[in-house]
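Note on naming: letters A, B, ... go to the chains in the order of the sequence lines (proteins, then strands), and numbering restarts at 1 for each one.
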Protein chains: 2
Amino acid sequence: MPRPRKFDETQVLELAREQFWTTGFAGTRMDDIARVTGLGKGSLYGAFGDKEALFHRVFDDWCGAIVALAEENLTGPDEGALARLEAYVRFVAANTAADVGRRGCFQAKGTAELAASDESVADRSATTMRALLGLLSREITAAQRCGDLAPDADPDALASLLLVVGRGVEAVGKAGLGAEAVTSAVDTALALLPRP
Amino acid sequence: MPRPRKFDETQVLELAREQFWTTGFAGTRMDDIARVTGLGKGSLYGAFGDKEALFHRVFDDWCGAIVALAEENLTGPDEGALARLEAYVRFVAANTAADVGRRGCFQAKGTAELAASDESVADRSATTMRALLGLLSREITAAQRCGDLAPDADPDALASLLLVVGRGVEAVGKAGLGAEAVTSAVDTALALLPRP
DNA sequence: TAGGTTCTGGACGATCCATTCCAGAACGAG
DNA sequence: CTCGTTCTGGAATGGATCGTCCAGAACCTA
């Protein structure tokens with residue numbers, strides 16, 4: 001009869017993610033993961049496979065969470081679409097502005113470190129970008145339907161811009177540009193959206 | 001009488017940078033640097049100090065080059081300011097669109113990996129962002145003077161937006177979003193700049 | 001040519017690190 | 001309570017890696 005595991009997998013994965021987020025894939029040792037989770041390495045390897053498998057696991061989970069959060073925030077009646085778009089982009093910017101330790105986004109950092117050499121990370125990142133683009137485009141189309149955005153504007157183009165702005169503020173925030181410039185860029189981008 | 005060095009320092013630094021660019025700081029071994037430069041480790045350590053010192057050297061040089069290139073492209077008579085701004089942002093996007101290996105920008109990747117833990121990298125990144133912001137703002141002001149951009153628009157806000165767009169396209173390109181979306185975002189951003 | 005000084009490269013030492021191993025413990029069915 | 005099975009943790013293994021060391025070579029002046 002199998003003995004059940006003693007630890008909470010969800011919590012262990014969260015702690016592992018935080019460590020990978022802070023020190024990157026190559027810069028994190030399995031001893032670090034063991035220390036922050038309180039588990040022995042035998043348990044970590046038994047439960048999650050090797051270091052790479054664990055990283056893929058937490059990275060995939062995080063990418064999924066990002067998309068789920070965007071979907072949650074970018075769904076509703078047409079009338080509220082523009083407000084939701086603005087709130088979402090401001091939310092992304094606020095996260096960056098609040099990031100005084102300049103840790104940056106886990107998804108962006110994992111991508112920066114590994115996308116060129118790890119196909120799994122590369123694919124997952126691309127899938128995530130396309131999903132976010134799709135959600136933004138859908139919401140822009142909704143805003144256009146109820147007359148809050150210019151009906152002749154290309155929704156995919158505007159979606160690309162908003163995605164790029166979201167990712168750009170994360171990048172410049174991580175690089176050390178002040179919160180004021182970050183907020184300013186977002187306000188400007190939103191103010192420039194074409195109205196009817 | 002001192003014996004001159006046998007190797008070309010500039011070339012060695014360039015090769016070292018390429019290796020750090022490809023595999024990151026933690027993911028690069030000094031043996032890798034030795035291999036791609038053709039030097040022994042005794043020579044590397046003798047000439048450049050330790051691994052961290054070498055990384056700082058090539059990172060600082062690269063940040064300087066980025067700013068110098070931007071300054072070169074964002075200088076001239078007022079009449080050409082808007083064209084230079086557009087060309088510069090398109091140039092940044094074109095680099096991203098052409099990056100099929102998804103290597104991304106060395107400065108962005110170094111920042112992503114190390115800014116949270118390495119003060120020297122953090123400072124250099126912040127300085128670079130501020131310099132780029134200043135150059136963009138100056139050029140926007142020039143475009144406003146000759147009537148190509150709305151004179152009442154806040155140049156710093158527009159500069160923040162263009163910087164964020166430049167960094168954002170690099171981030172989404174690295175993440176795997178297609179060249180079409182990248183180009184689209186840039187075209188849209190430039191099209192939305194406020195004209196008189 | 002000789003000699004003083006510096007450069008060179010790769011073996012080496014010390015430490016690091018991913019992963020395995022296994023004795024002991026925990027679990028639950030019979 | 002017993003016993004079969006799985007879990008656990010941390011020592012051990014084997015290889016990795018940073019940085020040092022030093023014999024030999026290269027350089028250049030006298």
Any salt bridge linking A:K109 with A:E113? Criterion: basic side-chain nitrogen under 4.0 Å from a carboxylate oxygen.
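Answer for the salt bridge query: no.
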Side chain of [X], backbone of [Y]: donor and acceptor closer than 3.5 Å?
X: A:K41; Y: A:I33; answer: no
X: A:R124; Y: A:C63; answer: no
X: B:N73; Y: B:L69; answer: yes
X: A:R5; Y: A:S43; answer: no
X: B:K51; Y: B:F25; answer: yes
X: A:S137; Y: A:L133; answer: no

Without decimals, in angstroms, what is the distance between [X] [atom1] and [N] [atom2]?
X: B:R5; N: C:dT5; atom1: CZ; atom2: C1'; value: 14 Å
X: B:K6; N: D:dC27; atom1: NZ; atom2: P; value: 8 Å
X: A:F7; N: D:dG9; atom1: CZ; atom2: C1'; value: 12 Å
X: B:I33; N: D:dT17; atom1: CD1; atom2: C1'; value: 13 Å

In terms of the angle between their ring planes, are A:F106 and A:F59 parallel, tilted or perpendicular, with boundaries placed at 30° and 60°?
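A:F106 and A:F59: perpendicular rings.
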Side-chain donor-acceptor pair under 3.5 Å between B:R84 and B:T75, yes or no?
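There is no such pair between these side chains.
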Answer with yes or no whether the side chains of A:T23 and A:Q19 bring together a donor and an acceptor at under 3.5 Å.
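Side-chain D/A pair, A:Q19 to A:T23: present.
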From CA spacing to verdict: salt bridge (charged side-chain N to carboxylate O under 4.0 Å, His left out), A:R35, A:D31:
CA-CA 6 Å; A:R35 179 171 46 78; A:D31 273 331; over 6 Å; no
Counting just side-chain N and O atoms, does B:R3 come under 4.0 Å of either OP1 or OP2 of D:dC28?
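Negative; the distance criterion is not met.
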Between A:S43 and D:dC7, does any side-chain N or O lie under 4.0 Å from OP1 or OP2?
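For D:dC7, neither OP1 nor OP2 has a side-chain N or O of A:S43 closer than 4.0 Å.
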Any protein N or O atoms within reach of nucleotides 18-20 of chain D? Criterion: under 3.5 Å, listing atom names and distances.
| from | atom 1 | to | atom 2 | distance (Å) |
| --- | --- | --- | --- | --- |
| D:dC18 | OP1 | B:T28 | O | 3.4 |
| D:dC18 | OP1 | B:K51 | NZ | 3.1 |
| D:dC18 | OP2 | B:M30 | N | 2.9 |
| D:dG19 | OP2 | B:K51 | N | 3.2 |
| D:dG19 | O6 | B:K41 | NZ | 2.7 |

Take the C1' atoms of the five end pairs on each side of the helix from C:dT1-D:dA30 to C:dG30-D:dC1, derive the two axes, and give their angle rounded to 10 degrees.
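Inter-axis angle at the termini of the helix from C:dT1-D:dA30 to C:dG30-D:dC1: 10°.
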Within residues 54-62 of chain A, which residues have any heavy atom lying less than 4.0 Å from an atom of DNA chain C?
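Contacts with DNA chain C under 4.0 Å: none.
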